[in-house]
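So the structure is just underneath, and the comments pick up after that.
The chain is numbered in sequence order, starting from 1. For the numbers below, each heavy atom of this structure counts, side chains included, while hydrogens, waters and symmetry mates do not.
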Amino acid sequence: MNHPLLPAVVDLVRQAGAAILPYWRSDLAVTEKADASPVTAADLAAHQVLAVGLAALDPTIPVLSEEAADIPLSERVGWQRWWLVDPLDGTKEFIAGSEEFTVNVALVEDGRVVFGVVGMPVTGRCYFGGAGLGAWRAEARGEAQAISVRIAPDEAFTLVASKRHSSPAQERLLAGLGERFGDLQLANIGSSLKFCLLAEGAADCYPRLAPTSQWDTAAAQGVLEGAGGEVLDLAGEPLAYEAREGFLNPSFLALPVAAEWRAELIQLARALD
């Protein structure tokens, strides 16, 4: 953990998770955001913890949070470093009473993730890391353990898939990968934990040919990059976070950097998107 801000951000993510827990599996009303996605009081409680805490760490670094994203491009385009935050990723999982929701915080510089922290409020587990820094998993109590991707499948090629989001192109990609690798094993999990499964060597690939937003992916991308993985667009370039009018990501592929099947995957995904 050789970035000076990383330990403090891990602590903040845990504090934000603690702010969420009183609302989990409660009878609080769920309302709709302007884009028709659900929002709970838990989102706002975690956002407040992170907004105040990150500003206290370094008031010169602005915060772009899903719960406060109405900052004009004319202002954001001048940012060199910023925090990219999802106070509660996997809101539908949260509403359903699942444990598979997270708190995501990434430090972004010149459009690239410096490091990311992904916290699981219910269990207290945190994943954190960044390119050139390494990656770790830490339980609520105990020392952080270094994690890394696996380069070759174990018994079966394991794909991470979203529980709630897919697309016809993604289904065709899965079929193509099945032809290449034989029987696929699917690991269905919510929120940014999909990247973390790759980062800790429990899966081989996470293809996403369906919409995501920048705050859904940045923190976990940092973890995966620290663990020896990468997140590529379909041109084979790293998924980037430069300031732009909207916050939607292009289709992407998350995989180990050293995977021998890397070029095949990109070619197959590009043909289907």
Side-chain angles (χ1 to χ4, degrees), residues 9-51 53 65-69 84-106 116-128 137-142 147 158-167 170-171 185-200 202-203 206 208 210-221 223-224 247 254:
V9 176
V10 172
D11 289 342
L12 269 179
V13 165
R14 287 204 161 114
Q15 291 173 37
I20 287 172
L21 284 180
Y23 301 92
W24 183 56
R25 295 182 177 174
S26 76
D27 296 326
L28 286 171
V30 176
T31 59
E32 296 292 318
K33 297 182 186 179
D35 64 359
S37 60
V39 63
T40 70
D43 290 86
L44 302 177
H47 166 77
Q48 183 66 17
V49 169
L50 293 170
S65 168
E66 183 184 13
E67 301 309 329
L84 188 51
V85 172
D86 192 342
L88 199 166
D89 180 36
T91 310
K92 291 181 181 178
E93 306 295 337
F94 173 84
I95 293 168
S98 166
E99 297 182 3
E100 295 175 6
F101 61 91
T102 59
V103 177
N104 300 339
V105 176
V117 180
V118 175
M120 299 179 67
V122 177
T123 66
R125 175 179 290 181
C126 265
Y127 296 89
F128 48 93
R137 179 186 63 228
E139 306 301 334
R141 294 177 178 83
I147 57 175
T158 302
L159 277 169
V160 186
S162 172
K163 282 187 170 180
R164 302 176 186 274
H165 304 282
S166 188
S167 68
Q170 185 149 321
E171 295 303 317
Q185 183 172 327
L186 293 182
N188 289 292
I189 195 165
S191 70
S192 55
L193 294 171
K194 293 183 279 292
F195 294 92
C196 297
L197 283 184
L198 265 71
E200 62 185 352
Y206 169 33
R208 185 63 179 247
T212 57
S213 295
Q214 290 186 336
W215 39 73
D216 297 325
T217 58
Q221 180 173 340
V223 175
L224 181 58
F247 300 108

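No donor-acceptor pair under 3.5 Å is formed between the side chain of D89 and the backbone N or O of D86. Checked by atom type and distance alone, the side chain of E100 pairs as donor or acceptor with a backbone atom of G190 at under 3.5 Å. Put simply, the side chain of R208 gets close to the backbone of P211: a donor and an acceptor are under 3.5 Å apart. Without hydrogens or angle criteria, S192 side chain to A220 main chain gives no donor-acceptor distance under 3.5 Å.
At least one side-chain heavy atom of Y23 sits less than 4.5 Å from a side-chain heavy atom of F94. Looking at L44 and E67, their side chains come closer than 4.5 Å, going by heavy atoms from C-beta outward. For the pair V85/H47, no side-chain contact is recorded, criterion being any heavy-atom separation below 4.5 Å from C-beta on. Annotation: side chain of R137 is not in contact with side chain of C126 (no heavy-atom distance under 4.5 Å). Within the 4.5 Å cutoff, the side chain of L193 has heavy atoms near those of the Y127 side chain. Counting heavy atoms from C-beta on, the side chains of F101 and M120 never come closer than 4.5 Å.
When every heavy atom of G116 is checked against every heavy atom of V223, the shortest pair comes out as O-CG2, 3.7 Å. The two residues L84 and A218 come nearest to each other via the heavy atoms CD2-CB, 3.5 Å. Heavy-atom minimum distance, W215 versus N104: O-ND2, 3.6 Å. Here the closest non-hydrogen pair linking I20 and A42 is CG1-O, 3.8 Å. Across all non-hydrogen atoms, the minimal contact from V49 to A16 is CG1-N, 3.8 Å. Heavy-atom minimum distance, V103 versus P121: CG2-CG, 4.0 Å.
Separation of atoms CD (Q185) and OG1 (T158) is listed at 4.0 Å; rounding is to 0.5 Å. Going from atom NZ of K92 over to atom OG of S191 covers 13.5 Å, rounded to the nearest 0.5 Å. Separating the CG atom in D216 from the CD atom in E66 is a distance of 6.5 Å, to the nearest 0.5 Å. Rounded to the nearest 0.5 angstrom, N188 CG and K194 NZ are separated by 9.5 Å. Between L88 atom CG and E93 atom CD the span is 10.5 Å, to the nearest 0.5 Å. Here T212 contributes atom OG1 and F247 contributes atom CZ; the two are 13.5 Å apart, rounded to the nearest 0.5 Å.
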task = Dump the intermediate steps for side-chain contact (heavy atoms from CB on, under 4.5 Å) on L197 and I189, then the final yes or no.
result = CA-CA 9 Å; L197 283 184; I189 195 165; 3.9 Å; yes

